[in-house]
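Read the numbers this way: they start at 1 and go in the same order the structure lists the ligands and their atoms. Heavy atoms only: backbone and side chains are in, while hydrogens, waters and symmetry mates are out.
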Amino acid sequence: MINFQRTANIPMTGLELFGNFPVISNHTMKKLLLLLSLAAALGCGNSFAQKATGKERVPLKHGAHRQGKRTDAAMQQWREHGLGQFIHWGVYAIPGGHWDGKYFGGAAEWIRVWNGIPKDAYDNLYKEFNPTDFDAGKWAKQAKDMGARYMIFTTKHHDGFCMWPSKYTDYTIANTPYKKDIVKTIVDAYTKEGIDVHLYFSIIDWNHKGYSSGAPTTDAKKAAYEEFKTFTRNQLFELLEMYPQIKGLWFDGSWDKAWMNEAPWVDQLGKDLREKHPGLVIGSRFRADENGKRHYDTNGDLIDDYDQTWERALPDSFEKVKDVDWDCVMTVPENQWGYHSDWRTYVKNSYDLIEMMVQANSMNGNFVLNFGPDGKGNIRPEETKLAKEIGEWMKVNSAAIYGVSHLNWKQQGWGYFTKKGDNIYLSVFNKPIDNRVKIIVPRGQAGPKTAKILGMTGTLDITSGGKNKGNESIFYIHLPANAKFEKPFVIALEGKRDKNDKEVYDQAKI
Ligand code: FHN
């Protein structure tokens, strides 16, 4: 059957459109019938229609291995975290974005690639790495007070330096003056605070002689890359063996052609890692499918457990999220992950960050805030202040963050909705000047029975603003006129209105 509404996708030759209806000449009709019988003879009648809508599925061996979300307990736990902490720490914290008094404007952890520095000197920095102020217990306590439910720690960034005593290279913490296993200290301290640990691991490794960004061409380079693959695999198993408490691996630097060309091998590695560590959570930055598609495979399905594309960015609408799990990783200045002693771009304040956290959670995402400790092991005062302010907000309002999900009510200018079970949370960032917080309840759903502000006593008046033309119910939640709000606040709605609730009508503003 020809679906005339879809003709716009069929090449227009010989097919003229009049208004919405195609008018087909006899000659064209003959050609079309011939084409269709040919397609039927080839047994691809259906695929023609599918192609026309662009929805034809391609058989893949190394694409997504599941459609839809993971439903097991480990993934559910991850999904409910709401807020996480990222820590980028390595030898790049020593120069802190400067070399010989010169300022490096890029991300501090990338300074090794800057032409302004001798690479040998960078590769010897580890001999000075002695973070005597490092106190993992203090970091973990600060993260806990901030409200983080999980953390991601850089075991190895692109420079290849290992923060654990890997037996597969000498370029590790064991050979620094500090000597002690930093990954272990972190894993133990955070686990003790009840914070789940995920390990960041960069596939890019500028220190390994077999590493290549482009596809290796000569036999010698191919052999070296094979060694690099074995090395990478060994290190990953080593991490799982040494730190069995960890919940996930957060991969990065997997965009190289050389790595993407290895789809079957990487896919098998992922399966083996999961078998070794049941429940392991891995995001979409680990591997590409056999066609080189990353994050989403050739059929548009998410690769692995959650979408890792939201780096320093948030989706501007729920539709952009494609109904998958996702995280947003965010820096405090514009693009600094490792310690840079001189932040020259806009530095976010706690208001910005709290809003981003709420926004992410209102669209089913986890929000992960990055910290870059200095070369001695101190978290900088600006980050400490932010952690404290976010924590103060979380102490009162975390019900609007932990374990919540998206609510499909029309977003209003005052802020964001989240929901957990029957409870609905309104995180208000822009307080309406008439002190009425408007909600529009979809057709067929009951309005809220009670409303209260988290951290305050008493309930708020709810009045009806009637119905709009779409038969949705409008309600106004009245804020106490004399209340002073110095921070964003959360209104919790509970219960459902029934016929015994007196509807006091308010003037609907259109
Ligand atoms: O190049 C890295 C960067 O240094 C940082 O680690 C971020 C964190 O998501 N990831 C890479 C860029 O996407």
Side-chain angles (χ1 to χ4, degrees), residues 78 81 83-97 104-114 117 122 125 148 150-163 182-183 186 197-208 211-213 232 235 239 248-260 281-288 294-296 303-315 325-341 343 345 348 353 356-357 360 365-375 383:
W78 181 90
H81 286 323
L83 176 63
Q85 180 191 42
F86 210 152
I87 294 190
H88 274 69
W89 201 34
V91 294
Y92 41 79
I94 302 174
F104 171 64
E109 70 282 2
W110 277 79
I111 196 168
R112 189 187 181 281
V113 297
W114 183 33
I117 75 163
Y122 184 96
L125 270 180
Y150 76 122
M151 72 91 68
I152 305 161
F153 184 70
T154 49
T155 59
K156 170 171 104 164
H157 204 265
H158 309 334
D159 62 7
F161 179 72
C162 301
M163 296 292 266
I182 285 181
V183 175
I186 292 273
V197 180
H198 292 240
L199 299 182
Y200 170 106
F201 184 93
S202 167
I203 300 300
I204 292 176
D205 186 329
W206 296 324
N207 190 261
H208 192 279
Y211 163 74
S212 170
S213 54
T232 303
Q235 285 206 320
L239 286 171
L249 292 170
W250 203 98
F251 287 100
D252 201 5
S254 54
W255 52 78
D256 287 332
K257 189 93 182 118
W259 186 255
M260 293 200 307
V281 175
I282 298 178
S284 65
R285 287 196 197 192
F286 178 48
R287 62 188 180 92
R294 299 177 65 232
H295 302 291
Y296 289 86
I303 298 179
D304 291 324
D305 305 331
Y306 63 98
D307 181 340
Q308 268 182 298
T309 58
W310 299 104
E311 175 170 312
R312 297 188 300 113
L314 284 165
D325 286 309
W326 59 280
D327 72 354
C328 163
V329 289
M330 186 57 68
T331 50
V332 174
E334 267 165 37
N335 185 25
Q336 292 294 344
W337 300 89
Y339 176 74
H340 197 304
S341 63
W343 283 347
T345 59
K348 296 169 193 75
L353 295 166
M356 288 175 181
M357 168 178 66
N366 281 333
F367 184 73
V368 185
L369 181 61
N370 182 70
F371 289 67
D374 69 17
E383 290 171 349

Take every heavy atom of R312, measure it against each atom of ligand 1, and state whether any distance is under 4.0 Å.
no

Which ligand 1 atoms are under 4.0 Å away from a heavy-atom of W250?
9 (O)

Sub-4.0 Å heavy-atom approach of Q308 to ligand 1:
no

If you scan protein heavy atoms around atom 2 (C) of ligand 1, the nearest is H158 NE2, 3.2 Å

Is ligand 1 less than 4.0 angstrom away from at least one heavy atom of R285?
yes

Does the separation of the ring centres of F104 and W110 fall below 6.0 angstrom?
no

Minimum non-hydrogen distance to atom 13 (O) of ligand 1, winning option of Q336, E311, H88:
E311

Who are the salt bridge (Lys or Arg N to Asp or Glu O under 4.0 Å) partners of D256, not counting sequence neighbours?
none

Which ligand 1 atoms does Y200 reach within 4.0 Å, using its non-hydrogen atoms?
6 (O)

Atom CD1 of I204 and atom CH2 of W255: how far apart are they, to the nearest 0.5 Å?
4.5 Å

For ligand 1, which atoms have a heavy atom of E109 less than 4.0 angstrom away?
3 (C), 4 (O), 5 (C)

Partners meeting side-chain hydrogen bond (donor to acceptor under 3.5 Å, both in side chains) with H158 (sequence neighbours left out):
S202

